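For reference, the structure discussed in these notes is given below.
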Amino acid sequence: GDSTEHAEAARWLSANLWSLAKSSAGCRVVQEALPLVTSEELAMLAGELKGRVVKGCCSPHANHVLQRFVVVLPPEKLQFMVDEMHGQANAMARHHFGCRVLQRLLERCPSSQTEALAS
């Protein structure tokens with residue numbers, strides 16, 4: 001489609017991101033859409049996860065969306081995830097789904113960004 005349709009689709013995705021991320025089919029829709037959006041739209045979509053990182057880590061579906069954001073965003077745009085996991089990293093490391101998100105963060109971000117998670 002044209003740029004107007006693309007922008008409308010990105011706005012719709014942003015408005016529905018969290019509810020989609022929590023469902024089996026919806027999390028796949030989000031993951032498939034991420035490579036298709038602009039970097040500005042990606043940042044807008046990531047903003048929908050702010051305040052929801054720990055909850056998303058504990059979701060059998062949303063954890064996949066968080067992992068995909070870790071892969072597609074530059075490390076400096078992942079600081080909100082690192083911040084929200086601060087104080088929760090030990091619990092997340094032992095969580096069936098949370099450990100996957102934590103692992104992705106540790107793989108993608110420089111140690112200077114994630115070292116506070118160990119404290």
Side-chain angles (χ1 to χ4, degrees):
D2 66 15
S3 61
T4 304
E5 289 173 345
H6 180 96
E8 286 177 20
R11 280 192 296 277
W12 178 86
L13 188 60
S14 180
N16 294 284
L17 186 94
W18 183 239
S19 59
L20 288 167
K22 295 183 295 181
S23 74
S24 177
C27 81
R28 288 185 185 91
V29 169
V30 174
Q31 291 177 78
E32 293 293 323
L34 293 186
L36 307 175
V37 300
T38 66
S39 56
E40 294 81 17
E41 291 164 343
L42 199 56
M44 172 184 69
L45 294 171
E48 295 299 317
L49 297 171
K50 288 184 177 169
R52 297 171 165 155
V53 172
V54 173
K55 185 177 266 190
C57 284
C58 297
S59 163
H61 307 298
N63 86 85
H64 294 287
V65 170
L66 287 167
Q67 289 182 69
R68 185 60 57 96
F69 271 101
V70 172
V71 170
V72 298
L73 284 172
E76 62 272 12
K77 301 284 188 189
L78 298 170
Q79 189 60 46
F80 78 97
M81 288 192 192
V82 174
D83 292 346
E84 290 183 39
M85 284 192 129
H86 190 264
Q88 302 287 327
N90 285 336
M92 289 299 104
R94 290 189 294 273
H95 191 278
H96 183 64
F97 307 123
C99 67
R100 299 172 190 173
V101 179
L102 181 61
Q103 180 181 356
R104 297 284 165 271
L105 283 170
L106 294 172
E107 289 169 354
R108 284 276 291 143
C109 298
S111 58
S112 58
Q113 186 177 6
T114 58
E115 64 192 356
L117 292 175
S119 61

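Remember, predicted model here, so these are calculated numbers, not experimental data. Side chains included, hydrogens not; waters and symmetry mates left out as well; all remaining heavy atoms used.
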Of the non-hydrogen atoms in [X] and [Y], which two are nearest, and what is the gap between them?
| X | Y | value |
| --- | --- | --- |
| Ala89 | Leu102 | O-CD2, 3.6 Å |
| Ala62 | Trp18 | CB-CZ3, 4.2 Å |
| Leu17 | Leu45 | CD2-O, 3.4 Å |
| Leu117 | Val82 | CD2-O, 3.5 Å |
| Glu84 | Val53 | OE1-N, 3.0 Å |

Starting from the C-alpha separation in whole Å, work towards a yes-or-no answer on side-chain contact (heavy atoms from CB on, under 4.5 Å) for Gln67 and Gln103.
CA-CA 9 Å; Gln67 289 182 69; Gln103 180 181 356; over 6 Å; no

With a 4.5 Å cut-off on side-chain heavy-atom distances among I, L, V, M, F, W and Y, is there a chain of contacts connecting [X] to [Y]?
| X | Y | answer |
| --- | --- | --- |
| Phe97 | Met92 | no |
| Val65 | Val54 | yes |
| Val72 | Leu36 | no |
| Leu105 | Phe80 | yes |
| Leu66 | Val29 | no |

Run the side-chain contact (heavy atoms from CB on, under 4.5 Å) test on Gln88 and Cys57 for me, step by step, so that the C-alpha distance in whole Å, both residues' side-chain angles and the decisive distance to 0.1 Å come before the verdict.
CA-CA 11 Å; Gln88 302 287 327; Cys57 284; over 6 Å; no

Short side-chain to backbone donor-acceptor contact, [X] and [Y], under 3.5 Å:
| X | Y | answer |
| --- | --- | --- |
| Gln113 | Pro75 | yes |
| Gln31 | Cys27 | yes |
| Arg108 | Val70 | yes |

Close side-chain approach of Val30 and Arg68, heavy atoms under 4.5 Å
no

Does any part of the side chain of Leu34, heavy atoms only, come nearer than 4.5 Å to the side chain of Val71, both counted from C-beta?
no

Output all residues satisfying side chain to side chain contact (heavy atoms under 4.5 Å, CB included) with Ser112, sequence neighbours left out; order by chain, then residue number.
Pro110

May I ask you to check whether over 12 heavy atoms, not counting those of Glu107, lie within 6.0 Å of atom CD?
yes

